[in-house]
Amino acid sequence: MRKALNLRLAGQAMALKVSANLVVQFLSLWNDPSRISIDWQQVAEFALYGLLGSQVGNIIQFLLEDLFPTRNTPVGDVLPDTLGYPKPPEEKVKDDDASKESKWRRCLKLGPDVSYRNIFLKLLLDQTFGLFVSGCIFLICTNFMRVQQLSGLLAVIRQRIFPLIKAGWHIWPLVAMCNFLWVPVRSRVLVAVCVGFGWSIFLSIFANRT
């Protein structure tokens with residue numbers, strides 16, 4: 001759990017979320033003369049989302065890796081996904097097809113110890129439960145100060161969570177697959193945050209929809 005909580009990651013996520021939101025707001029000011037100022041409350045809401053979302057997301061990534069390790073043979077305290085491709089045995093490869101497959105795996109840094117079953121299970125959970133949790137955190141952070149009662153906040157979540165998840169399926173499955181195969185678990189949320197700069201711009205537009 002301590003490894004999953006990362007203040008540096010939180011700061012980076014907050015900076016990127018706030019930057020994306022400011023980009024959208026500046027563009028809105030440019031295109032809409034009726035708007036006269038920046039919505040600093042929304043900026044603060046995105047900063048809070050960056051803080052909470054990055055930490056919860058990191059915890060989920062560590063839990064998924066503990067339950068379904070990418071590689072079948074962890075060594076010592078090294079995380080399974082941080083291991084390099086094991087050296088092939090020093091035996092002469094007799095079959096040309098096997099040799100080509102070995103070169104392909106080596107090029108992609110995919111060893112024979114990769115568990116594709118675990119990757120599929122992680123992908124499934126990440127793109128359902130993970131996106132649901134992340135979406136709920138986003139909707140709570142951007143609406144809890146704008147509704148008067150808890151029932152209003154729950155109504156917003158019920159109305160908007162599934163469209164948000166469906167929109168996420170356009171980008172996040174590919175990002176998650178690359179993360180599970182090649183990125184150390186401690187860096188996966190940071191990669192998602194960087195890739196998600198454009199996604200954060202979409203979220204800013206999504207948050208402004210009535």
Side-chain angles (χ1 to χ4, degrees), residues 9-10 12-32 34-35 37-64 68 119-180 183 188-210:
L9 172 63
Q12 294 167 331
M14 289 171 66
L16 286 170
K17 299 295 183 186
V18 167
S19 299
N21 182 256
L22 287 174
V23 166
V24 171
Q25 292 206 51
F26 277 123
L27 290 175
S28 297
L29 286 174
W30 181 272
N31 295 321
D32 186 1
S34 63
R35 294 191 60 176
S37 64
I38 295 293
D39 184 351
W40 292 108
Q41 179 179 333
Q42 190 176 91
V43 173
E45 290 167 352
F46 269 71
L48 179 61
Y49 170 57
L51 171 64
L52 297 179
S54 64
Q55 300 309 289
V56 174
N58 219 27
I59 291 172
I60 291 174
Q61 291 302 316
F62 271 83
L63 287 175
L64 288 176
F68 309 106
I119 290 175
F120 172 77
L121 291 173
K122 283 193 293 189
L123 185 65
L124 180 64
L125 290 172
D126 184 63
Q127 296 303 302
T128 51
F129 174 74
L131 281 184
F132 179 81
V133 171
S134 177
C136 286
I137 293 173
F138 168 72
L139 293 173
I140 291 171
C141 289
T142 55
N143 289 280
F144 79 102
M145 291 294 292
R146 301 179 186 269
V147 296
Q148 296 181 348
Q149 297 180 346
L150 178 60
S151 59
L153 182 60
L154 294 176
V156 170
I157 294 175
R158 283 195 300 268
Q159 180 183 2
R160 309 188 76 183
I161 185 63
F162 292 109
L164 186 59
I165 291 174
K166 289 179 182 178
W169 285 339
H170 288 83
I171 178 175
W172 292 120
L174 178 61
V175 175
M177 178 66 74
C178 294
N179 256 343
F180 293 146
V183 180
R188 287 175 185 171
V189 172
L190 178 59
V191 170
V193 167
C194 292
V195 173
F197 182 82
W199 175 248
S200 298
I201 291 178
F202 167 79
L203 290 179
S204 298
I205 298 172
F206 191 86
N208 288 325
R209 292 172 55 188
T210 56

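Numbers here are sequence positions counted from 1. Source: prediction; values computed, not measured.
- When all heavy atoms of Cys136 and Ile157 are compared, the closest pair comes out as SG-CG2, 4.1 Å.
- Residues Met177 and Leu123 approach most closely at CE-CD2, 3.7 Å, considering heavy atoms.
- The CG atom of Leu27 lies 6.5 Å from the CG atom of Asn31; values are rounded to the nearest 0.5 Å.
- Using a 4.5 Å heavy-atom cutoff, the side chains of Val183 and Leu190 are not in contact.
- Across Ala47 and Val18, no two heavy atoms sit closer than the pair CB-CG2, 3.6 Å.
- Between Ala176 and Gln127 the shortest heavy-atom distance is CB-NE2, 3.6 Å.
- Side-chain atoms of Ser134 do not come within 3.5 Å of backbone N or O of Gly130 as any donor-acceptor pair.
- Ring pair Phe138/Tyr49 is perpendicular by interplanar angle, where above 60° counts as perpendicular and below 30° as parallel.
- If you take CG on Leu139 and CD on Gln159, they are separated by 10.0 Å, rounding to the nearest 0.5 Å.
- Leu125 CG to Ile60 CD1: the interatomic distance, rounded to the nearest 0.5 Å, is 10.0 Å.
- Rounded to the nearest 0.5 Å, atoms OG1 (Thr142) and CD1 (Ile140) are 9.0 Å apart.
- At least one side-chain heavy atom of Trp169 sits under 4.5 Å from a side-chain heavy atom of Leu131.
- Leu16 is listed as a side-chain neighbour of Cys194, based on a closest heavy-atom distance under 4.5 Å.
- In this structure, Phe197 places its CZ atom where more than 12 heavy-atom neighbours from other residues, nucleotides or ligands lie under 6.0 Å away.
- Looking at heavy atoms from C-beta onward, Gln25 lies in side-chain contact with Val43 at the 4.5 angstrom threshold.
- Residues Gly53 and Ile137 come closest through the heavy atom pair N-CG2, 4.2 Å.
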(request) Please lay out, stage by stage, how Arg160 and Val156 fare under the test side chain to side chain contact (heavy atoms under 4.5 Å, CB included). (result) CA-CA 6 Å; Arg160 309 188 76 183; Val156 170; 3.9 Å; yes
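- Looking at every heavy atom in both residues, Leu51 comes nearest to Ala10 through CD1-CB, 3.7 Å.
- Here the side chains of Arg146 and Gln42 are in contact, with some heavy-atom distance below 4.5 Å.
- No side-chain donor-acceptor contact under 3.5 Å links Asn143 and Glu45.
- Put simply, the side chain of Ile38 reaches to within 4.5 Å of the side chain of Phe26, judged on heavy atoms.
- Note that CH2 of Trp199 is 9.0 Å distant from NZ of Lys17, once rounded to the nearest 0.5 Å.
- At a threshold of 4.5 Å between non-hydrogen side-chain atoms, the residues Leu64 and Leu121 do not count as touching.
- To the nearest 0.5 Å, the span separating CG on Leu22 from OG on Ser200 amounts to 11.5 Å.
- Side-chain contact check for Val189 versus Phe62: every heavy-atom pair is 4.5 Å or farther apart.
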(request) Kindly determine whether Trp172 and Asp126 satisfy side chain to side chain contact (heavy atoms under 4.5 Å, CB included), including the steps that lead there. (result) CA-CA 9 Å; Trp172 292 120; Asp126 184 63; 5.8 Å; no
